[in-house]
There are 2 protein chains.
Amino acid sequence: MPPRHRDTDRVPSRLEGRATWLVSRAYARSSGLLNAGFGAAGGGLRGYHYRLLAALAEWGPASQAQLGRQTGIDRSDVTAALTELESRDLIERTADPDHGRRKIVTITAAGVDQLHRLDQVVDGVQDDFLAPLTPAERDRLVTLLTRLLDTPH
Amino acid sequence: MPPRHRDTDRVPSRLEGRATWLVSRAYARSSGLLNAGFGAAGGGLRGYHYRLLAALAEWGPASQAQLGRQTGIDRSDVTAALTELESRDLIERTADPDHGRRKIVTITAAGVDQLHRLDQVVDGVQDDFLAPLTPAERDRLVTLLTRLLDTPH
DNA sequence: CATTCAATGTTGGTCATGCCAACATAGCGA
DNA sequence: TCGCTATGTTGGCATGACCAACATTGAATG
């Protein structure tokens, strides 16, 4: 039998079973779905905005540096994303009375509403993303990834 | 007990068990390790170059469009990455005698050597990346991700 | 055979995520 | 008081991924 000549749906064997390769493919798919969903229903918001709104809704007002640490987003990117959220009136920035430079960021009612809409999008994407797996397999995958990431490194 | 005030090592509960979130965190870690490894030992090459060299070494000479389909890299990015590989004499581009526009890309001996060096890097990164998991867990993770990605979507 | 269509390589953009450096300023600790 | 750290901001870079347009070529269709 001659070698197969199909161009696509094949992966060099060097990559095939590599965890880093699989994770990068999974991420490409996941972020594609997420961007499509955010683009369609998110009013131009992206992952950074969702993370920040989620942190504010869950833990209440915080300084920008605090938000950065909570969400794993760089301080400079926090600044930019908050400026966009502020221009849409989804958050408010007020000066911290006890600290000259610090600003306290608060989510607005509209921000909470928007967050709920984004939650819907994210939920839908989970289903699409995990569609090939059974519920038990989905749980196992989540557990393994959680263990992989929880361990300090 | 007052609420905890630690800034870091926490994740909004909305994100915590989400597969897309975990995958994005895993990818951030994995690509960080990979970039560090490639930067240290890869002679300025990146993931695209590795994928292309791997495909050429495994399946032999191919046209650029073929390479793009094999590796999942866009035609335009293939062009750019091949130009860089060519300038390092890791690949060669020759005109296809049977086809005017098409170019046949071949990996050179130096390219094969470089690929072997990159293999070492990638192998080392797998170990770092998967360190928190037992061998059995690593296998399960790879199996689950493979199943997740194999299914046509 | 002629015309259309698809494939090819290339150029030149865009976007999102993640970093890093530098800076001015503010607060804190030694 | 002096020096260190934290803070918000600006501006930049790298990587991966994608897209549009173009000229050219081969192949398919009428």
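First the proteins, then the strands, lettered A, B, ... as listed; each starts at 1. These figures come from a predicted structure and were not determined experimentally. Keep in mind that the numbers below use all heavy atoms, side chains included, and drop hydrogens, waters and symmetry copies.
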Length of the line joining A:D96:CG and C:dA26:P, which is rounded to integer Å = 13 Å
For residues 117-133 of chain A, which residue pairs qualify under salt bridge (Lys or Arg N to Asp or Glu O under 4.0 Å), counting only residues two or more places apart or in two chains?
-> A:D119-B:R14, A:D123-B:R18, A:D127-A:R138
Using the salt bridge (Lys or Arg N to Asp or Glu O under 4.0 Å) rule, collect all pairs that involve residues 43-63 of chain A, keeping only residues at least two apart or in two chains.
-> A:R46-A:E84
Whole-Å distance, B:Q66 CD to C:dA7 P, equals 13 Å
Considering only nitrogen or oxygen atoms on both sides, find all protein atoms under 3.5 Å from nucleotides 26-29 of chain D and state each distance.
from	atom 1	to	atom 2	distance (Å)
D:dG26	OP1	B:G100	N	3.4

D:dT9 P sits how many Å from A:E84 CD, rounded?
-> 13 Å
With B:Y27, which residues qualify under ring-ring contact (aromatic ring centres under 6.0 Å, His included), at least two apart?
-> A:Y27
Counting N and O atoms only, with roles assigned by atom type, does the side chain of B:T108 sit under 3.5 Å from a partner on the main chain of B:D89, one being a donor and the other an acceptor?
-> yes
OP1 or OP2 of C:dT8 less than 4.0 angstrom from a side-chain nitrogen or oxygen of B:R102, does that happen here?
-> yes
List the steps and the verdict of side chain to side chain contact (heavy atoms under 4.5 Å, CB included) for A:R75 and A:Q64.
-> CA-CA 7 Å; A:R75 291 207 313 274; A:Q64 299 190 189; over 6 Å; no
The reported gap from CD in A:E16 to CH2 in A:W21 (rounded to nearest 0.5 angstrom) is 10.0 Å
For B:L34 and D:dT15, what is the distance between atoms CG and P respectively, to the nearest whole Å?
-> 12 Å
Rounded to whole Å, CG of B:L33 lies from C1' of D:dA14 at a distance of 17 Å
State plainly whether one hydrophobic cluster holds both A:I104 and A:V112, where clusters connect Ile, Leu, Val, Met, Phe, Trp and Tyr through side-chain heavy atoms under 4.5 angstrom apart.
-> no
Reckon A:Q64 has a side-chain N or O less than 4.0 Å from the OP1 or OP2 of D:dT9?
-> yes
Tell me, for nucleotides 13-21 of chain C in 5' to 3' order, what letter each nucleotide earns: B for a base near a protein heavy atom under 4.0 Å, S for only sugar-phosphate near one, - for neither?
-> ---SSBBB-
Between P of D:dC22 and CZ of B:R75, the distance in whole Å | 14 Å
Between the main-chain N or O of A:I73 and the side-chain N or O of A:D77, is there a donor-acceptor pair closer than 3.5 Å?
-> no
N/O (side chain, A:R29) to phosphate O (OP1/OP2, D:dA17) under 4.0 Å | no
What nucleic acid atoms does B:S31 come within less than 4.0 Å of, heavy atoms only: base, sugar-phosphate, or nothing?
-> nothing
Applied to residues 97-116 of chain A, the salt bridge (Lys or Arg N to Asp or Glu O under 4.0 Å) test, sequence neighbours excluded, yields A:D96-A:R102
